[in-house]
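What follows is a single structure, written as structure tokens, with notes after it.
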Number of protein chains: 2
Amino acid sequence: MSSHYTITQLAQEFDVTTRTIRFYEDQGLLNPTRNGQMRVYSPRDRVRLKLVLRGKRLGFSLSEIREMLDMYDAEPGESGQLELFLAKINERRGLLQQQRHDIELTLKELDDIEAQCRAQLTKVKVS
Amino acid sequence: MSSHYTITQLAQEFDVTTRTIRFYEDQGLLNPTRNGQMRVYSPRDRVRLKLVLRGKRLGFSLSEIREMLDMYDAEPGESGQLELFLAKINERRGLLQQQRHDIELTLKELDDIEAQCRAQLTKVKVS
DNA sequence: GCTTACGTTTACGTAAACGTCAACCCTCAC
DNA sequence: GTGAGGGTTGACGTTTACGTAAACGTAAGC
């Protein structure tokens with residue numbers, strides 16, 4: 001639970017290259033401070049990196065991920081902004097639910113395939 | 001429930017371009033027959049296209065999707081092959097479960113954000 | 001004082017997944 | 001027979017998400 005991290009620490013912890021981390025900074029996803037010219041990452045940066053990687057596992061593009069990160073630390077704005085923001089949230093929720101549905105379908109199909117496969121296996125072993 | 005489809009029919013039904021469909025054929029994901037030089041898609045092709053698009057929504061690459069498609073119509077092989085195949089299935093299942101977990105986390109966080117947002121909204125309206 | 005290890009910037013390279021022409025072929029209604 | 005609306009094959013362009021190499025700074029250890 002350190003209060004700051006070097007780039008290689010983060011790279012090792014999350015199994016990405018330093019290049020990748022720097023690239024994410026270029027894209028405005030991370031904002032490390034500097035000690036001289038060296039990057040210093042705060043726990044907040046670490047969390048954001050974790051969120052970025054989670055987004056990637058879900059197949060979102062970096063710009064979509066940026067949108068989501070922006071949601072996490074959005075300044076509470078005026079009413080109109082908030083309504084619009086709620087809409088964005090719902091849109092993303094819809095996407096995620098669609099994905100979850102797709103996953104359920106695929107998992108079921110994998111079960112079917114495995115069952116057939118196991119049936120075949122015992123058949124082969126018996127013969 | 002037609003017995004065959006043209007490329008534009010499929011393109012319209014699934015909201016992709018014909019270019020995309022032809023590209024998937026180049027990648028060996030679809031195998032339409034020909035009437036003269038025109039492509040003719042069978043219901044099987046249609047299902048495969050649907051599976052491809054589902055895979056895309058889950059963020060899988062086309063080569064990963066090809067692997068999954070291969071699973072669907074794998075010839076029941078010999079015992080060793082089958083064991084290996086079962087391993088592949090489990091690997092993919094693991095990925096999907098990880099994704100599902102990621103989705104659950106993200107959905108929860110969206111709920112939190114929305115709650116905060118709504119709280120802010122009533123606050124703004126009251127003041 | 002030299003190497004080694006880690007960091008930096010700059011910049012060009014690349015693989016994936018298409019988009020976007022161009023140039024061509026059918027065929028069918030007018 | 002012509003032109004409009006479908007289809008076809010190249011082939012080059014584009015975006016995203018980094019990889020990779022060059023050229024350099026800095027602090028640690030011998």
Side-chain angles (χ1 to χ4, degrees), chain A residues 2-42 45-46 48-70 92 95 99 102, chain B residues 2-42 45-46 48-70 92 95 99 102:
Chain A
S2 183
S3 86
H4 54 266
Y5 313 85
T6 76
I7 194 168
T8 35
Q9 278 175 7
L10 287 186
Q12 287 173 358
E13 174 174 2
F14 294 109
D15 194 31
V16 295
T17 68
T18 57
R19 174 72 180 91
T20 298
I21 295 179
R22 278 190 277 263
F23 181 73
Y24 290 166
E25 180 179 352
D26 274 6
Q27 304 301 307
L29 300 172
L30 301 175
N31 259 29
T33 57
R34 297 292 179 128
N35 175 9
Q37 71 170 359
M38 278 176 58
R39 278 163 248 255
V40 177
Y41 296 87
S42 68
D45 287 316
R46 184 174 166 280
R48 285 175 74 92
L49 178 53
K50 193 188 291 192
L51 290 175
V52 169
L53 297 177
R54 187 203 288 168
K56 288 233 69 187
R57 284 196 301 271
L58 294 178
F60 292 116
S61 75
L62 291 187
S63 66
E64 287 174 313
I65 291 172
R66 186 190 357 239
E67 260 199 57
M68 302 189 60
L69 285 181
D70 288 350
R92 203 130 292 274
L95 280 177
Q99 277 194 310
D102 285 334
Chain B
S2 184
S3 86
H4 54 267
Y5 313 86
T6 76
I7 194 168
T8 35
Q9 278 175 7
L10 288 185
Q12 286 173 358
E13 173 173 1
F14 294 110
D15 195 30
V16 295
T17 67
T18 57
R19 174 72 179 89
T20 298
I21 294 180
R22 278 191 278 262
F23 180 72
Y24 291 165
E25 179 180 352
D26 274 6
Q27 303 302 306
L29 300 172
L30 301 175
N31 260 28
T33 56
R34 299 290 178 129
N35 175 8
Q37 70 171 356
M38 280 176 57
R39 276 163 249 253
V40 177
Y41 296 87
S42 68
D45 287 317
R46 184 175 166 279
R48 285 175 74 91
L49 177 54
K50 194 190 290 193
L51 291 175
V52 169
L53 297 177
R54 187 203 289 168
K56 289 233 69 187
R57 285 196 300 273
L58 295 178
F60 292 116
S61 73
L62 292 186
S63 64
E64 287 174 313
I65 291 172
R66 184 186 4 232
E67 259 200 55
M68 303 190 56
L69 285 181
D70 288 349
R92 204 132 290 276
L95 279 176
Q99 278 194 308
D102 284 333

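Chain naming here is simple, since letters A, B, ... match the order of the sequence lines and numbering starts at 1 in each. Quick note: numbers below take in every heavy atom, side chains included, and nothing from hydrogens, waters or symmetry partners.
Here dG5(D) presents its C1' atom at 15 Å from CD1 of I7(B), a figure rounded to the nearest Å. Between D26(A) atom CG and dT16(D) atom P the separation is 14 Å, expressed in whole Å. The distance from atom CG of L10(A) to atom P of dC6(C) is 16 Å, rounded to the nearest whole Å. Between the CZ atom of R34(A) and the C1' atom of dG7(C) there is a distance of 10 Å, given to the nearest Å. If you measure from atom CD of E64(A) to atom P of dT15(D), you get 17 Å, rounded to the nearest angstrom. When rounded to the nearest whole Å, the span between CZ of R22(B) and C1' of dC18(C) equals 12 Å.
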Nucleotide N/O of nucleotides 17-25 of chain D paired with protein N/O under 3.5 Å:
from: dA17(D); atom 1: OP1; to: L62(A); atom 2: N; distance (Å): 2.8
from: dC18(D); atom 1: OP2; to: Y24(A); atom 2: OH; distance (Å): 2.7
from: dC18(D); atom 1: OP2; to: K56(A); atom 2: NZ; distance (Å): 2.9
from: dG19(D); atom 1: OP2; to: T17(A); atom 2: OG1; distance (Å): 2.7
from: dG19(D); atom 1: OP2; to: T20(A); atom 2: OG1; distance (Å): 3.3
from: dG19(D); atom 1: N7; to: R19(A); atom 2: NE; distance (Å): 3.1
from: dG19(D); atom 1: O6; to: R19(A); atom 2: NH2; distance (Å): 3.0
from: dT20(D); atom 1: O4; to: R19(A); atom 2: NE; distance (Å): 2.9

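Ionic pairing of E25(B) and R19(B) is not present here: no N-O contact between side-chain nitrogen and carboxylate oxygen is shorter than 4.0 angstrom.
If you check every strand for non-hydrogen atoms under 4.0 Å, T18(B) touches nothing.
Both tests pass for R92(B) against the ring of F60(B): distance under 6.0 Å to the centre and angle within 45° of the axis.
Side chains of F23(A) and L62(A) form a contact here, defined as non-hydrogen atoms less than 4.5 Å apart. Side-chain contact between L30(B) and R22(B): absent, with no pair of heavy atoms (C-beta onward) separated by less than 4.5 Å.
Applying the 4.0 Å criterion to OP1 and OP2 of dG6(D), one finds that T6(B) has every side-chain N and O outside that range.
Remark: the backbone N or O of D102(A) is not paired with any side-chain donor or acceptor of R57(B) at under 3.5 angstrom.
Legend: residues meeting side-chain hydrogen bond (donor to acceptor under 3.5 Å, both in side chains) with T33(B), ordered by chain and number and at least two apart, are absent.
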